[in-house]
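Everything below concerns the one structure shown next.
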Amino acid sequence: MTSEPEIKYDFNAIEQKWRERWLSTHAFKASEDPSRKKYYQLEMFPYPSGRIHMGHVRNYTIGDVVARYKRMKGFNVLHPMGWDAFGLPAENAAIKNNTHPAKWTYENIDYMKKQLQRMGFSYDWNRELATCNPDYYRWEQLFFVKLFKKGLVYQKKTTVNWCEDCQTVLANEQVIDGLCWRCDHQVQPREMNGWFFKITDYAEELLAECDNLTGWPEKVLTMQRNWIGKSVGAEVDFPVEGMDDILQIFTTRPDTIFGATFMSIAPEHPLVEKLSKGTTHEKEVAEFVLRTKNLKQGKKPGEELEKEGVFTGRYCINPFNDERIPIYTANFVLMEYGTGAVMAVPAHDQRDFEFAQKYGIPIKIVIQPANRTLEISSLEAAYCESGVLTGSAEFDGLDSEKAQEAIINHAAQKGFGKARTTFRLRDWGISRQRYWGAPIPMISCQKCGMQPVPEEDLPISLPTDVKFDKSGKSPLHTLKSFYQTTCPSCQGEARRETDTMDTFVESSWYFARYTCPDFTDGPLKKEAVDYWLSVDQYIGGVEHAILHLLYSRFFTKIMRDLGYLTIDEPFKNLLTQGMVIKDGSKMSKSKGNVVDPNDLVEKYGADTVRLFSLFAAPPERDLEWNDQGVEGAFRFLNRVYRFIVANCDSTSKARTEIDPDRLNNASRTLHRKTHQTIRKVSGDIEVNFHFNTAISAVMELTNTMFSLTGEATTEKIDQTVIREAVDSVLLLLYPMVPHFCAELWEQTGHLDSLDHTAWPGFNPEAAKEDELTIVIQVNGKVRGRLQVAPDISEEDLKQQALADEKIQKFIGETKIRKVIVVKNKLVNVVAN
RNA sequence: GCGAGAGUGGCGGAACUGGUAGACGCACUAGACUUAGGAUCUAGCGCCCUUCGGGUGUGGGGGUUCAACUCCCCCCUCUCGCACCA
């Protein structure tokens, strides 16, 4: 053993010390201060499933770096955390372990909160909220009642997505490839009564506003736009021959209406039975409807059925030319979209084309492209583009666009049609037949119908004295003390709604409640939301690109229209971080490739885990977890620790102004590298949160520090320059490895806490290279290098390059055609 | 099928508005210090050819340019999203 005492980076002691200090001093408590510029940093809050996983660690580390960085930049930062605490797992656990969901949930919250604190995330824990708390969901119930009164909440009976395993209904957004988003079981259609939020009223705004979300990834916006799915077109009424009924269709191509040679309607269409009744096709149609229904249920997700249909035995009349058109029912027509009936134009729609060919239905060309002429005899596929109308009476010769307008006008004038826009987006069904959720505040009275719970009676709290049985059914449905109530209108006997709300309702507005979590006079405190909202930076997984983000946008507009907010959009900037994967695939128990944050934190400390998750990949990309890489991150911190302890123990006084002219070469090199590093790291964080390159820049700086102070060096580095470099390293790394930096900052004699120190600026003069390496190419190939002063003239540079011995050799006898000089970069000699 | 994104050493990843491809880290190899080292330090590390020195190289093929990972065209592969939306 040498005489040198071993320098030990005791991360346990360091992290415990700072963790406790931050907690006891409420170091990250935020309060409104109109004199300061605010910054609201938010990460998607977790479901308290039991323990945090690597995805959380990554997500929250990224957010924490931003929060701490913005504080150093002088912003008044709001960085809250809470719990998305309602949901099915709590209920399942309750059934399995015979405990109460609340107990399970709160125990998980306690544990996970400790885990988050162990990671050193700089949350304002005073603002912590759990959505299962009546103090939270009471306001959601108030929103519900207010929206009901505005007609934005309604009840209807529809075919819903039923998950047998979860014993509940799912929203369209929660069905993925025909499977339940939570448990992966096949979803069944089922007729049910449920409550709906009228999100379709906001479809237009939700779509239009996408254009203003410049801080969102294009990918997410595209997904939202597709989900909303706007199509502009017309609605046209086709009278049914021999009946009083009319068949209403929706089309985006009214210009092709003269080419309609049959109608196809969805098998579920209410008219199907009536149309075929009494015709010779009645039996066939009934069989087809039944068969299609079974087929649709049994088909694999994503699988496309072969186009099939049957004639209903009836005709309708094209109101434009009085032609008789046969009505078919076809398996590819969706009842849920448009009117559930379409006019079929085989010449100009591929599906109709295939259908017409299969059943020998005539094809009629009514659109001709500009560059060629379509012939029925040679038509191999539908022509779906626009063109010039033909065979369309008085509309002949118009181009598609003008014709659409003219045809819609004509229909409107005659009263059998009008312009119409449809959306793919459906209203949001929020009824869940579960216990562990926010009760829907409605009362059903035999006499008065559906009545909202009076606002002063809110909240309707979840009863706690409930028993769960193995059936998995919600105990609320059979809990008399809960559902038995009186009608607020007639005081008669009435029944309380026993369904609870979709948990996505809670997460649709939690970001706003964080601004005033303890406010009791209403859901939101005006001064607080006006100061803090909107969220400046939101960070979470891309898996929420549609569900949560769309609902949150919708709720923001609702809260605005209820007068609680003035903003239109909740999240100014969105970062969707990639997944954490191991051995090429997503971490999962079944694959056995799960890495537990606890084990890592125990072995290396929170700072190392944070550092590696930032270093291994840029945030938006998937991160391949690598145990040896973590080791590398740990090694780096040890290196920095060793350097600082070895070089800075003696003094805190060597912190004076640096005069560059008086420095020796080595000192100047380090001084320059320090300022270049500050410039690089600031840019990497500010521009696109590329922490991986920021960290590698600091690694370069520390490598320089070591090599310039090593035993082989002849020049002694100025102590002030070393101090400047060390201070910079600590400041630059602080947002990423805060315990580590705070400790060393203190140990190196700083009196002020690093938590309140500003982000360093760089001196452009100091960062400037005093010698540049210029590459010399001959015919595009690198043949030599030149050391020159930065401000050398192009002519001088050219002369020096041409004079170079190696370059001479390569030019040889060939003739110089051209010399390209790029300032501060290269010289390319073109010769042949 | 449609839409979006991505293909760079053994691996994770760098490369500004076209201008030294492979920063930084991991792994690996050799050496130093050591009773020992999985600690630390030094050096090397795309591929090919014999060292000097060359050649070649960013999924494949064309093109623009003095110069292409970067721009244009065609193709291949992977990931994600949508999927009969009339």
Side-chain angles (χ1 to χ4, degrees), chain A residues 1-2 6 176-177 217-223 225-227 229-231 233 249-253 256 264 266 301-307 330-334 336-345 348-352 354-355 384 422-425 542-543 545-546 578-579 611-612 615-618 620-633 635-636 638-639 642 680 683 687 690 692-700 702-703 706-707 710-712 773-785 817-831:
Chain A
M1 201 64 200
T2 51
E6 206 181 322
I176 295 148
D177 291 339
E218 202 47 51
K219 177 191 165 88
V220 175
L221 291 175
T222 305
M223 284 165 74
R225 287 190 185 106
N226 289 343
W227 190 264
K230 179 179 177 174
S231 350
I249 60 101
F250 171 74
T251 178
T252 55
R253 291 297 300 273
T256 64
S264 30
E303 189 186 13
E304 203 166 297
L305 295 173
E306 206 206 328
K307 289 174 186 38
N331 64 354
F332 63 87
V333 181
L334 305 173
E336 312 86 69
Y337 186 76
T339 60
V342 293
M343 66 174 198
V345 185
H348 306 293
D349 181 288
Q350 188 56 29
R351 287 157 307 186
D352 299 342
E354 287 171 29
F355 194 90
C384 306
T422 57
F423 292 91
R424 210 188 79 120
L425 181 71
V542 74
E543 65 273 18
I546 297 172
M579 286 187 306
L611 186 68
F612 180 72
F615 180 63
E620 64 278 5
R621 252 209 255 185
D622 285 349
L623 184 155
E624 170 75 33
W625 196 265
N626 178 333
D627 292 338
Q628 284 166 327
V630 181
E631 200 91 40
R635 212 173 313 170
F636 168 67
N638 274 286
R639 254 166 85 77
R642 245 182 296 124
K680 168 79 176 148
V687 174
H690 278 197
N692 56 333
T693 48
I695 292 166
S696 68
V698 180
M699 285 174 167
E700 279 187 58
T702 57
N703 287 347
F706 269 102
S707 65
E711 279 167 27
T773 303
I774 303 294
V775 170
I776 314 171
Q777 300 179 328
V778 177
N779 293 328
K781 291 197 165 98
V782 180
R783 299 301 186 187
R785 294 186 165 83
R817 306 282 171 191
K818 206 195 239 178
V819 179
I820 285 139
V821 181
V822 181
K823 202 168 179 337
N824 294 345
K825 291 271 191 212
L826 60 62
V827 177
N828 188 10
V829 182
V830 185

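For clarity, every value in this text was computed on a predicted model and none was experimentally measured. Below, chain A is the first sequence line, B the second, and so on; all start at residue 1.
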Taken to the nearest whole Å, CG/A:Asp627 to P/B:rC11 is 18 Å
A:Ile776 CD1 to B:rC66 C1', in whole Å, measures 16 Å
To the nearest angstrom, the CZ-C1' distance between A:Phe706 and B:rU42 comes to 14 Å
Closest of B:rA86, B:rC24, B:rC80 to the A:Lys219 side chain is B:rC80
Worksheet entry | Ring centre gap for A:Phe636 and A:Phe615 strictly below 6.0 Å | no
When rounded to whole Å, the CE to C1' distance for the pair A:Met579 and B:rG12 reads 16 Å
Rounded to whole Å, CZ of A:Arg351 lies from C1' of B:rC2 at a distance of 13 Å
### Task
Using a 4.0 Å heavy-atom cut-off across all strands, classify A:Gly632 as base, sugar-phosphate, or nothing.
sugar-phosphate
*Any side-chain N or O of A:Asn692 under 4.0 Å from OP1/OP2 of B:rG25?*
no
Base, sugar-phosphate or nothing for A:Val698? Non-hydrogen atoms, less than 4.0 Å.
nothing
Detail all sub-3.5 Å separations between protein N/O atoms and N/O atoms belonging to nucleotides 54-57 of chain B.
unit_1, atom_1, unit_2, atom_2, d
B:rG55, OP1, A:Arg783, NH2, 3.1
B:rG55, OP2, A:Arg783, NH1, 3.3

Here the distance between atom C1' of B:rC2 and atom CD of A:Gln350, to the nearest Å, is 14 Å
Using a 4.0 Å heavy-atom cut-off across all strands, classify A:Arg639 as base, sugar-phosphate, or nothing.
sugar-phosphate
Check your understanding: Would you call A:Lys219 and A:Glu620 a salt bridge, taking side-chain N to carboxylate O under 4.0 Å as the test?
Key -> no
note: A:Phe612, atom CZ; B:rG12, atom P; distance rounded to Å ~ 12 Å
Query raised in the report: Has the side chain of A:Arg253 got a donor or acceptor atom that lies under 3.5 Å from a matching backbone atom of A:Cys384?
Result: yes
| Think A:Asn824 has a side-chain N or O under 4.0 angstrom from the OP1 or OP2 of B:rG19? | no
Quick note, A:Thr693 side chain, CB onward, closest among B:rC41, B:rA14, B:rA86 is B:rA14
Rounded to whole Å, the CZ-C1' distance (A:Arg621 to B:rU79) equals 12 Å
From the candidates B:rC16, B:rC85, B:rU20, the one with an atom nearest any side-chain atom of A:Val782 is B:rU20
Is there side-chain contact between A:Arg351 and A:Lys307, with at least one heavy-atom pair below 4.5 Å?
-> yes
Next item on the list: Indicate, with a heavy-atom threshold strictly under 4.0 Å, whether A:Asn703 touches base, sugar-phosphate, or nothing.
Entry: sugar-phosphate
Original post:
Does the side chain of A:Asn226 pick up a donor-acceptor pair with the side chain of A:Arg424 at under 3.5 Å?
Top reply: no
Regarding the side chain of A:Arg635, the nearest nucleotide among B:rU20, B:rA27, B:rC16 is B:rA27
Under the rule of Watson-Crick or G-U wobble with both distances under 3.5 Å, where | means paired to another strand and [ ] a crossing pair, RNA chain B maps to (((((((..(((......[....))).(((((.......))))).((((...))))..(((((..]....))))))))))))....
